[in-house]
Structures are given as structure tokens and as C-alpha cells.
Amino acid sequence: MKKKLAKILKDTLDLCYREGSLRQVPLPEFVVEVPNNPDHGHFATNLAMSLAGEQKSSPRNIAEIIIRHLVDPDHFILKAEIGGAGFINFFVAPGQWYDLLSHVINLKDDYGRSSIGKGKKTMVEFVSANPTGPLHLGHGRGAALGDTLCRILDFSGYDVKSEFYINDAGQQIKMLGESIYSRWRQFSDPSYPFPSDGYQGDYIQELAVEIAKERKLENLAIHEAAELLSELGKDKILKEIKEDLANFRVTFDLWYKESDLYSSGKIDHAIKLIEKEGMLFEKDGALWIRTSRFGDDKDRVVRKKDGEFTYFASDVSYHLDKWKRGFKRVINIWGADHHGYITRVKAALETQGIPGDWLEILLIQLVKLWEGGAEVKMSKRSGKYVTLKELVDEVGVDAVRFVFLSKDHTSPLDFDIGLVKKKDSENPVYYVQYAHARVCSLFRKAATENIHVPEQPDSTLQRLVVDEEIALIRKMAEFPSLIEEIAGDLGPHRLTYYLTELAGSFHRYYNRHRIVSDDRTLTQARLFLSLGIRILIKNGLRLLGVSAPEVM
RNA sequence: GCGCCUGUAGCUCAGCUGGAUAGAGCAGCGGACUUCUAAUCCGCAGGUCGCAGGUUCGAAUCCUGCCAGGCGUACCA
């Protein structure tokens with residue numbers, strides 16, 4: 001509806017230019033928005049104010065000219081007024097609202113779907129946890145965000161793929177094997193030393209027990225055993241990670257192994273490409289990329305003097321590979337502690353002429369865990385952190401996803417276990433889900449009274465005249481543009497707020513007005529309205545990966 | 001030192017990319033279930049938007065400088 005209004009305004013300006021009542025100037029930026037104050041109409045625009053400078057006339061004057069010339073062949077606008085310093089406030093004709101509600105009901109699950117993505121090939125890479133331990137809450141936050149972005153981008157017409165990058169090469173995997181080996185030896189010899197920076201969690205012992213049952217470790221040399229344990233341990237942990245994610249309603253289209261970059265020679269190839277551009281040099285026995293040419297503080301090592309590639313090397317080659325695979329929009333979700341990495345990766349890509357804005361990196365700020373007023377320190381190595389699985393088992397997928405998604409990812413998330421553990425109430429997700437269940441209950445009630453709502457909305461909609469009813473429909477109208485905006489700015493937390501507001505408006509309406517009553521046509525009209533609410537909540541929750549229960 | 005993120009009600013956070021009187025949820029106080037689900041609703045109270053300048057018709061939002069907190073600044077991954 002905002003778009004329709006914007007078009008009317010543009011047509012109106014054209015008319016004014018042709019007529020000479022306004023000086024022809026380039027179209028200024030202006031917005032059509034929903035005012036907070038209902039007295040300010042259903043929609044408002046600042047068009048006249050943003051024209052004022054170029055027109056050398058007062059905003060209110062211009063507003064008056066625009067209102068007088070409004071090009072509105074469909075009688076979309078009921079009335080237009082000047083407000084404040086020069087806002088134009090629009091009141092939309094009631095029939096438009098009924099049309100919109102009908103539209104929602106007809107489209108059902110597809111209401112809000114769009115094609116603005118134009119099939120653009122897009123990748124969202126997220127979680128990408130090292131297969132050296134179970135997922136923690138930070139991973140969970142990234143998982144919820146990435147998964148929801150995929151759902152929203154897909155809904156908005158992007159050709160989107162989700163990918164998990166598996167760091168299955170390098171030092172940390174070696175350390176995993178050594179850690180398991182030590183724990184295994186300690187079963188028979190408690191004094192056997194444990195690596196100082198080994199993985200501390202209980203899961204290491206569990207893996208040792210499990211693998212010892214499957215394989216004979218006794219006959220192997222230390223390094224052979226450790227290598228075997230690396231391999232098997234990594235696979236088992238990865239399997240567990242996949243299960244935890246699936247349980248969290250997160251699935252991936254693609255799993256990409258770091259080790260494949262080595263075995264396929266892609267790292268060597270990437271380095272050759274960079275060398276070809278003259279951006280590679282040798283110093284102190286190591287190989288460096290001239291990332292400082294592209295905004296980095298200093299140059300970075302890709303191959304150490306011991307001949308091993310750095311993690312940075314595989315990351316560069318990984319991203320060059322993403323480019324080669326033809327992705328036009330690439331979104332990475334990283335932990336905030338990786339932010340120092342952004343410039344150097346982008347710099348390395350720029351040596352190949354890949355523009356910096358091709359890669360969108362979202363940094364997830366920390367999830368801080370509180371229990372009983374004290375902070376619970378999390379550390380991947382300590383093994384003391386609460387895992388995603390533990391939290392999900394305790395609170396449920398719906399609550400965890402909703403809470404994770406309800407904050408902008410740029411701000412740290414304080415997660416009070418005690419509070420969220422409570423399964424009964426106090427959790428915003430229940431507020432939204434309850435509205436959905438309530439609507440379902442209304443339909444059950446109506447059925448017992450032998451009231452059946454036709455498939456297609458009809459003229460009874462005209463019985464919807466109360467302010468709250470129009471406000472609800474107006475709220476529904478915002479959904480498609482909200483989804484479009486989120487597909488652009490990647491801030492899905494706004495959807496959780498939207499749903500909370502929508503549910504709130506409905507709860508308020510429900511408490512104030514009787515829906516199923518003796519008045520048949522009114523009942524039918526209100527059930528249509530409720531159906532619209534149900535569709536919106538279900539669609540919104542689906543995009544968040546949260547269920548919409550019919551009974552609570 | 002340098003870089004990134006953050007600072008809005010007692011607490012946790014929104015604030016639609018510069019708009020009209022800054023909003024929710026918790027927590028506090030007071031109300032509403034013989035009536036469609038009270039996991040709900042209504043009311044009260046709570047703010048120098050970290051501080052100081054600047055940009056303009058207009059700033060929580062943009063620019064600069066401070067202050068405070070978090071994270072990062074490896075030939076680690």
C-alpha cells in the first residue's frame with residue numbers, strides 16, 4: 001500500500017510539473033510511513049518537506065498544491081490533510097482495507113512472498129564451528145540468524161544456499177586427537193599427562209570410551225593412535241553438531257570441507273593467482289600477501305616458514321572459490337572476535353578484483369550467560385560452557401530461537417538461564433504463539449455453534465468498522481514491505497517485534513470485542529479478520545523457524 | 001596506541017536508515033475470568049536518549065571530540 005501511495009505521489013508531481021504549478025526538479029528522496037499517532041492518518045509522507053528546498057517555497061504551501069492535484073483514479077484515498085510542519089496525512093478508503101484482507105486470505109502462506117531477489121544467486125555461510133566440541137550458545141545465535149535469513153531471502157525471491165564450512169584441517173584437529181588419546185591413557189594411568197591447551201570438556205572422555213570400544217588402540221604407536229582419534233573424533237563430533245542443528249531446525253544445503261581445499265590443490269592455485277597479480281612476496285622465509293595495499297594494517301602471512309599454510313590461506317582460497325562458484329551475494333556470519341579478519345580477507349579478495357562489498361559479514365556479538373545474578377564464563381576450551389543442546393533441551397527450540405532472534409546481532413545478548421528456563425510464561429514467544437492458538441480456538445468455537453466461514457471472503461467484510469479492526473488490517477499491510485526490508489538490511493529481529501505488536505493488537509481487540517456472537521454476518525467478518533491474523537502469525541513464525549501451535 | 005561493536009525507563013531491549021508527544025517486555029503498585037483460552041487485557045508510576053559541540057525547517061538517529069564497557073590487534077586456528 002505504501003508503494004501504491006508512492007506511485008500516486010509521483011504521478012501527482014508529474015501532473016504538477018506539466019501544469020507548471022511546481023517547478024520541475026529531480027525527484028527528491030521521500031518516505032511514506034505509518035504515523036504513530038492515529039490522528040495523523042493511515043499513512044503520511046514528508047514529500048512536501050523534502051521538496052521545499054528546491055522549490056523555494058514553504059512545505060505547507062507545496063503540500064497544499066500536491067493535495068489539490070492528487071492523481072487518484074482508483075479512489076484509493078479517502079482524504080488528505082496537511083499536518084505539522086508540512087506532512088501530508090492520508091486516510092485510505094475503507095474498501096481498500098477490505099481488499100487487502102481478502103488479498104491476505106487468498107494468498108495464505110504466500111502472503112509476503114516477493115520476487116525482489118530476482119533469483120540472485122546467494123550464499124549464507126554460518127555456524128562453521130570447529131568439529132572439536134559441541135556447539136555453544138554463540139553458535140546457536142549464529143545458527144538462528146543464518147537460518148532465518150535463508151528463509152527470508154528465499155521467501156523474497158533469492159536463489160539462496162546455506163553452507164557450513166568445516167575446519168577439519170590444521171592444528172586444532174591434531175589437538176583433538178591428542179586430547180582424546182590422553183584421556184584414554186588416563187583410564188589405565190591417571191598420571192598420564194594431558195596437553196596443556198587440550199580440550200577439557202567431558203565429551204573428550206566420552207569419545208575416548210566410545211572409540212576404544214570400536215577400535216583396538218593398544219597396538220598402535222602414539223602418533224598413529226592420535227591420528228586415528230583425530231579422524232574418528234572429528235567425524236563423531238561433526239555428526240553430533242549436525243544432529244544438534246537439525247534439532248534446532250537448522251539444515252544446510254552445502255557442507256564444505258577445509259581439507260578439500262588442500263587435497264584439491266585449490267590453496268596452491270589461489271596463491272598462484274595472487275602471485276600473478278604481483279601481490280605476493282617472501283620475507284623471513286615466509287610467504288606474504290600485500291593486503292596492506294587494500295586497506296589492511298599490515299601484510300599477512302599465507303605460508304609460514306615451516307612450510308605450512310596459515311588458516312588465512314585456506315580462508316582466502318575458500319572465498320575465491322565462493323566467487324568462482326558464481327554467488328552474487330555472499331553473507332557470512334562470524335563471531336565478533338573475528339572482526340579483525342574482515343579487512344584482511346576482503347583485501348586478499350581485492351587483489352583479484354573482487355569488490356569489497358561482494359562479501360557481507362555479520363558479526364554476532366557475544367552471548368553472555370547469567371545464572372543467579374552471576375556471569376557464567378564460557379570458553380570453548382574449558383569445557384565449562386553451556387551447550388546449545390542443553391539449553392534447547394531445557395527451554396525448547398521455539399523459545400531459544402525467538403529470544404536469539406529478538407535482538408539485533410550487533411549488540412551483546414544477555415541470556416539469563418534462570419529466566420528463560422521457565423517454561424510456563426514470561427517468554428515473549430508464548431505471547432505470539434498464544435495469539436495464534438487463540439484464533440484457532442475461535443474457529444473451533446464457531447464450528448461448535450455451526451458457524452462455518454466460506455473459503456472466500458465476501459461482502460460481510462464491510463461489517464468491520466471498529467478502529468481496532470482497521471488498525472489490525474493496516475498492520476497486516478506492513479508485512480510484505482517489512483520482509484523486503486529485512487532481505488536488504490539483514491535485521492530479522494524486527495520481525496520478532498512486528499509479530500509481538502501484531503499479537504498484542506489482536507489480544508487487545510479480543511478482550512474488547514466479542515468475535516463469535518449471535519450476529520451472524522458480524523461473526524463471519526470478524527472470523528475473516530482473525531483468519532488474516534492467523535495467516536500473518538503463522539507466516540512470520542515460519543520465517544523465524546518457530547512453530548505455531550493450534551492449542552496451548 | 002590503533003581498529004570494530006555498544007551506551008535509550010530499575011533490568012533486558014526496540015525505535016522502520018533524519019520526522020510530529022521517544023516505545024515494548026520484565027520488575028513495582030492497583031484493577032478485569034458464572035461470558036469466544038487470564039500463557040490475556042486495562043490503569044498508575046518510571047527518561048537531561050553517556051557527555052559536549054556541530055550540520056538544518058527538524059537529531060536518539062548524520063559529523064567531530066571526549067567518557068565508559070566489550071572484543072580484536074600472531075609465521076594460532
Enquirer: Just checking Tyr498(A): base, sugar-phosphate only, or nothing, at a heavy-atom cut-off of under 4.0 Å?
Expert: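 No contact.
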Enquirer: Can you tell me if the side-chain N/O atoms of Arg438(A) get under 4.0 Å from OP1 or OP2 in rA38(B)?
Expert: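 For rA38(B), OP1 or OP2 has a side-chain N or O of Arg438(A) closer than 4.0 Å.
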Enquirer: Would you say the base of rG72(B) and the side-chain of His338(A) have a donor-acceptor pair closer than 3.5 Å?
Expert: no
Enquirer: So that I can compare with my own list, what are the stems of RNA chain B, taken as at least three consecutive Watson-Crick or G-U pairs with distances under 3.5 Å?
Expert: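 Stems (3+ consecutive pairs) listed as B:1-7 with B:67-73, B:10-13 with B:23-26, B:28-32 with B:40-44, B:50-54 with B:62-66.
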Enquirer: Counting side-chain heavy atoms from C-beta on, which of rU73(B), rC42(B), rC5(B) comes nearest to Arg508(A)?
Expert: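 The answer is rC42(B), which lies nearest to the side chain.
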Enquirer: To the side chain of Asp489(A), which of rA74(B), rU17(B), rC16(B) is closest?
Expert: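 Nucleotide nearest to Asp489(A)'s side chain: rU17(B).
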Enquirer: Hey, does Lys283(A) reach any base, or is it just sugar-phosphate, or nothing, if we go heavy atoms under 4.0 Å?
Expert: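 The answer is base, as Lys283(A) lies within the cut-off (heavy atoms under 4.0 Å) of a base atom.
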Enquirer: Under 4.0 angstrom, heavy atoms only, what part of the nucleic acid is His507(A) near: base, sugar-phosphate, or nothing?
Expert: sugar-phosphate
Enquirer: Once you apply a heavy-atom cut-off of 4.0 Å, does Tyr431(A) come out as touching a base, just sugar-phosphate, or nothing?
Expert: sugar-phosphate
Enquirer: For Lys407(A), report the nucleic acid contact type (base, sugar-phosphate, nothing); a contact means any heavy atom under 4.0 Å.
Expert: sugar-phosphate
Enquirer: Test for a donor-acceptor pair under 3.5 Å between the base of rG19(B) and the side chain of Asn46(A), counting only N and O atoms.
Expert: yes
Enquirer: Are the ring of His493(A) and the base ring of rA14(B) both nearer than 5.5 Å at their centres and tilted by less than 30°?
Expert: no
Enquirer: Select one nucleotide: of rA38(B), rA14(B), rC75(B), the one nearest the side-chain heavy atoms of Asp408(A).
Expert: rA14(B)
Enquirer: Please classify the nucleic acid contact of Asp299(A) as base, sugar-phosphate, or nothing, using heavy-atom distances under 4.0 Å.
Expert: nothing
Enquirer: What's Asp284(A) touching, base or sugar-phosphate or nothing? Going by heavy atoms closer than 4.0 Å.
Expert: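 Asp284(A): base contact, heavy atoms under 4.0 Å.
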Enquirer: Can you label the angle between the Phe91(A) ring and the His42(A) ring as parallel, tilted or perpendicular, going by 30° and 60°?
Expert: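 Because their plane-to-plane angle is over 60°, the rings of Phe91(A) and His42(A) count as perpendicular.
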Enquirer: When you compare the side chain of Met476(A) with that of Leu100(A), does any pair of heavy atoms fall below 4.5 Å?
Expert: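 A side-chain contact exists here, since the closest heavy-atom pair is under 4.5 Å.
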Enquirer: Classify the ring geometry between Tyr509(A) and His513(A) as parallel (under 30°), tilted (30 to 60°) or perpendicular (over 60°).
Expert: tilted
Enquirer: Tell me which nucleotide among rC13(B), rA77(B), rG72(B) gets nearest to the side chain of His339(A).
Expert: rG72(B)
Enquirer: May I ask you to evaluate whether Ser314(A) reaches the phosphate of rA77(B), defined as a side-chain N or O under 4.0 Å from OP1 or OP2?
Expert: no
Enquirer: Which part of the nucleic acid, if any, lies within contact of Ala336(A), taking any heavy atom under 4.0 Å across all strands shown: a base, the sugar-phosphate backbone alone, or nothing?
Expert: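 Sugar-phosphate only.
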Enquirer: For rC51(B), does the glycosidic angle fall within 90° of 0 (syn) or outside that (anti)?
Expert: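 With its glycosidic angle more than 90° from zero, rC51(B) counts as anti.
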Enquirer: Roughly how many Å is it from CG in Leu363(A) to C1' in rG3(B), rounded to a whole number?
Expert: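 Atom CG in Leu363(A) sits about 12 Å away from atom C1' in rG3(B).
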Enquirer: State plainly whether the residues Glu468(A) and Arg474(A) are in salt-bridge range, i.e. N to O under 4.0 Å.
Expert: no
Enquirer: Return the stacking result for rA20(B) and Phe87(A): yes when the ring centres lie under 5.5 Å apart and the planes under 30°, no otherwise.
Expert: yes
